[in-house]
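Below is one structure, written out as structure tokens; the observations come after it.
Worth knowing before you read on, the calculation uses all heavy atoms, side chains too, and leaves out hydrogens, waters and symmetry mates. Being a predicted model, the structure only gives us computed values, none of them experimental.
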Amino acid sequence: MAQAHHLSPITDRLLDAAGNSIERLPMLPIIFDRMARVFADTMRQRAASPVFVSVSYIGNDRIGDILDENEANALAAVVYTPEWDTRLLIGFDRDFIFSMMEVLFGADGTEPPIDDERPFSNIETRVARSLFMDAIKALEDALKSISNITLKFERIETRMDFAVIGRRNNSAVVGRLLLQAIGRGGEMFVVVPHSALTPLRQNLAQVVSGEGNNRDKAWTQQFQAEIQRTQIKLDAVLEEQTITLDRLADLKIGDVIQLQATPRSKVSLQCNRQPLFSCSMGQSEGSYCLQVEEQIHQKEDILDDILSR
């Protein structure tokens, strides 16, 4: 009876750990947010185009389900933590790898995205290895607030059934980070077995002073500055007409297309074919100019639409 009494608390703790609720571990979202910021900052130093990373999902899933979902569509790095004596997974899906290949090699997004189900090339795998090292460092930095751990890269797996870090039926915390760059996207996923989090539950359940919902002011200011420096193309549209394809095919050099617009007609100032302002046209020092007279839509809705493209 004494032995049963001794084992009962341990059994209860294991069962409780298997049902860890993200809501009861408020430091988890903070850790993944910090990892996203650190990784994005590192990528901005290596890439010519802006790179943005955000947390899209944090939840509990079975290890086997996570691996099956990404089979033949991702590369995964197996990471060992000596302090926890366990292994984690960090993975990049196909879109993430292809997007980062373009960004790191100077693409500007004008070419169509790669849509290929072929195996990853040696170059893509080598670039992914470098990105894995950056992601591991970002996660290690993010975890410093709750645990002094070391993350050691072990290997890259192209087949998810070789990337097993525990029994397939075991539960794990999975964080999904969304990449956005040059009009492309992709996903990074981080898989942490519950057995690794059990000793840290107390730390994960308490928000460290200075964290929580407070934003990183330096990062926020940098983000705002980058947005304000972003160059956009504006189009001044005096008039638009609809013609038939047959009429268009008949056009030749020297033909005249009559416009209904007059010097007093309003000019639509557009960005990405989205009307922004209604303007009047004039001249200044020998050049045509526009004077903004009114907004066509609310500014907030327009900016949201532009930034979402």
Side-chain angles (χ1 to χ4, degrees), residues 40 43-44 47-54 56 73 93-118 177-187 220-309:
M43 291 303 99
R44 292 188 190 108
S49 302
V51 175
F52 301 98
V53 182
S54 58
S56 61
N73 190 50
D93 73 2
R94 185 175 299 273
D95 291 338
F96 184 103
I97 295 172
F98 288 163
S99 296
M100 286 307 305
M101 286 289 296
E102 294 190 63
V103 170
L104 294 176
F105 285 94
D108 58 5
T110 56
E111 295 292 327
I114 300 174
D115 185 13
D116 198 345
E117 297 300 323
R118 59 171 172 76
L177 282 65
L178 181 66
L179 166 79
Q180 292 176 305
I182 61 170
R184 309 280 194 267
E187 186 178 80
T220 301
Q221 292 173 355
Q222 180 183 352
F223 181 81
Q224 292 175 343
E226 291 293 335
I227 289 294
Q228 292 171 356
R229 285 198 295 265
T230 300
Q231 295 185 359
I232 62 173
K233 178 183 177 182
L234 296 178
D235 296 315
V237 180
L238 180 62
E239 180 180 327
E240 292 181 315
Q241 293 187 1
T242 302
I243 63 174
T244 64
L245 183 59
D246 183 61
R247 171 78 175 97
L248 179 63
D250 287 340
L251 288 177
K252 56 184 180 298
I253 297 175
D255 286 350
V256 176
I257 300 177
Q258 294 185 350
L259 303 179
Q260 302 299 318
T262 69
R264 295 185 179 180
S265 297
K266 299 299 181 184
V267 177
S268 174
L269 192 61
Q270 301 182 2
C271 178
N272 289 336
R273 300 192 63 82
Q274 171 66 58
L276 299 177
F277 301 101
S278 177
C279 309
S280 59
M281 187 168 61
Q283 288 189 356
S284 176
E285 299 179 357
S287 300
Y288 290 109
C289 62
L290 297 178
Q291 181 177 11
V292 177
E293 293 192 346
E294 62 180 355
Q295 296 179 1
I296 296 179
H297 297 294
Q298 291 294 324
K299 183 185 297 185
E300 291 80 4
D301 294 337
I302 298 229
L303 292 178
D304 287 343
D305 184 65
I306 293 173
L307 294 175
S308 67
R309 291 177 182 269

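- Listed by chain and number, the residues in a side-chain hydrogen bond (donor to acceptor under 3.5 Å, both in side chains) with Ser49 amount to none (sequence neighbours excluded).
- Distance check, rounded to the nearest 0.5 Å: CG of Leu179 to OG of Ser56 gives 11.0 Å.
- With rounding to the nearest 0.5 angstrom, the CE atom of Met101 is 13.5 Å from the CZ atom of Arg184.
- In this structure, Val103 and Ala47 approach most closely via the heavy-atom pair CG1-CB, 3.1 Å.
- One N or O on the side chain of Arg44 and one on the backbone of Val51 form a donor-acceptor pair closer than 3.5 Å.
- Applying the side chain to side chain donor-acceptor pair (under 3.5 Å) test to every pair with at least one member in residues 234-244, sequence neighbours left out, gives these pairs: Glu239-Gln241.
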Which pairs would a plain distance check flag for residues 248-260, meaning a side-chain donor or acceptor within less than 3.5 Å of a matching protein atom at least two apart in sequence or in another chain?
{"residue": "Asp255", "atom": "OD2", "partner": "Lys252", "partner atom": "N", "Å": "2.9"}

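- The minimum heavy-atom distance between Pro275 and Ser268, with the atom names listed, is CB-OG, 3.9 Å.
- With a 4.5 Å cut-off on side-chain heavy atoms, Met43 and Val53 do not count as touching.
- In this structure, the separation between CE on Met100 and CD1 on Ile182 is 9.0 Å, given to the nearest 0.5 Å.
- For Ser265, the side-chain hydrogen bond (donor to acceptor under 3.5 Å, both in side chains) partners two or more places apart in sequence, or in a different chain, are Thr262.
- Closest heavy-atom contact between Arg118 and Phe98: NH2-CE2, 3.8 Å.
- Legend: residues meeting side-chain hydrogen bond (donor to acceptor under 3.5 Å, both in side chains) with Arg264, ordered by chain and number and at least two apart, are absent.
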Enumerate donor-acceptor pairs with a distance under 3.5 Å from any side-chain N or O in residues 276-289 to protein atoms, sequence neighbours excluded.
{"residue": "Ser280", "atom": "OG", "partner": "Glu293", "partner atom": "OE2", "Å": "3.1"}

